[in-house]
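Written below as structure tokens is the structure these notes are about.
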Amino acid sequence: MACAWPALPRGTPRASRSPPLSPTPRTGAAPRTPTALATLLPPPSAPSRPTPPFPTKRRARRRQKLLVGSAAEDENENDAAGNDDVLDIIGKTFSCVFCMKLPDRPVTTPCGHNFCLKCFEKWIHSGKKTCGTCCAEIPPKMAQLPRINSALVEAIRAAKVSRKAISTGSSAQYHYIWNNDRPNKAYTTERAKRAGNANASSGQIFVTIAPDHFGPILAENDPHRNIGVRVGETWEDRLQCRQWGAHFPHIAGIAGQATYGAQSVALFGGYQDDEDHGEWFLYTGSGGRDLSGNKRTNKEQAFDQDFMKLNAALRLSCLRGYPVRVVWSHKEKRSSHAPESGVRYDGVYRIERRWRKIGIQGKFKVCRYLFVRCDNEPAPWTSDDHGDRPRPLPNIAELQDETDITERNERPSWD
DNA sequence: CCATGCGCTGAC
DNA sequence: GTCAGCGCATGG
């Protein structure tokens, strides 16, 4: 398959479609009724109920209206004359030391000069150890792993597009009753105080999405700010990330249900087999680790992973083409695309392939997933003023000899 | 109910 | 730097 992405009509909003109420039991698993887990809470005037924690009645969700959403708005792309000056200034001030153009995936040296990521790597690989502008030394650490300067990315993008007012629509009229008793930040119970935030409990959940909501978090589910969770939004830690709904589990890297699908994944560098290329990456399933001794995690593989539980959730999302939210942590130490600090929401991806292989550790099998970005908003590391467009699938070397492969075989779940 | 989970902290 | 091990949230 040369191109896995169907050509979407230009300007078609591709976001926030909930899966069908009763997923067809293609996998043989019993379909779960979403409403069983979740009941819409009564309006504020109604008497409160302590549980369940989230309302999960699946309503038809409003189509997302994003920055680069509608065809009508696209017509205006060329009238940004007022921004030319800004772009000029940015171009002069921040241009790539190597190619002299506006940097693509910019990285910034401590001396304050910028490179495209690719140009920087070329520069380093050609043996250079100093900045091409001021000859200041480039720290070995940066030479080895340059991190994309997301602030500059933002600045360039802001100069490129004249931001249009976002129509917010009506905000959700309900919120979770149980939430009201919780503080704004993570907190520790009396019993857990000794270990501080290590044993913290989540604070309020600020967004009104159901815990099994697929796709982006829209303005209508953000009654506090009315903007939704935007690509690039960054939080201090997993608990804050949870509070804004991007990824609910506190420790686990996959949010999902075996018979329903996966809502989100976290890239934390916890699995050696993970491999990142920004717009696509290879993700490793969970499990296969010995958690005896009251551990929560363990780096060492102790047995094969199989497609049960969370790994099955990812497999189902792959089959159905559901959108999966992705958050990245600064703990992912091997990637230029990871944030410098905190946890960042990077938009929705689809899982195009799923297979298994012997892990890097050499003994046991791990579940593998090919994630490809598919979001209406540009990624935090690019200065593009548009979201993802169809692109060919990457060539995965480890897939050459693999026979047990699942491919996405339904059209992607976009509106 | 029990098992799992790519966190987090203080203590070395 | 390494390490143990806790509450909590979630799935089953």
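Taking only distance into account, the side chain of A/R238 never meets the base of B/dG5 through a donor-acceptor pair shorter than 3.5 Å. Under 3.5 Å, the side chain of A/R296 and the base of B/dG7 form no donor-acceptor pair of N or O atoms. The base of C/dG7 is paired with the side chain of A/H250 by a donor and an acceptor separated by under 3.5 Å.
Distances shown here put a side-chain N or O of A/K331 below 4.0 Å from the OP1 or OP2 atom of B/dC8. Taking side-chain N and O atoms only, A/S286 has a distance below 4.0 Å to OP1 or OP2 of B/dG5. Checking the phosphate oxygens (OP1, OP2) of C/dT10, a side-chain nitrogen or oxygen of A/R242 falls inside 4.0 Å.
Around NZ of A/K357, the count of heavy atoms belonging to other residues, nucleotides or ligands within 6.0 Å exceeds 12.
The CG atom of A/N298 sits 12 Å away from the C1' atom of C/dC3 (whole-angstrom rounding). For A/L314 and B/dC6, the CG to C1' distance is 13 Å, given to the nearest whole Å. Computed from coordinates, the A/D212 CG to C/dG12 P distance equals 12 Å when rounded to whole Å. The CG-C1' distance, from A/D346 to B/dC6, rounds to 16 Å in whole Å.
Under 4.0 Å is where a charged nitrogen must lie from a carboxylate oxygen, and between A/R368 and A/E398 at least one such pair does. Taking 4.0 Å as the cut-off between side-chain N and carboxylate O, A/E300 and A/K363 do not count as a salt-bridged pair. Classification of A/E377 and A/R230 as a salt-bridged pair holds, one side-chain N sitting under 4.0 Å from a carboxylate O.
Base pairing analysis places C/dG7 opposite nothing; no Watson-Crick or G-U wobble pair with both distances below 3.5 Å involves it.
Counting any heavy atom pair closer than 4.0 Å across all strands shown, A/D274 reaches a base atom.
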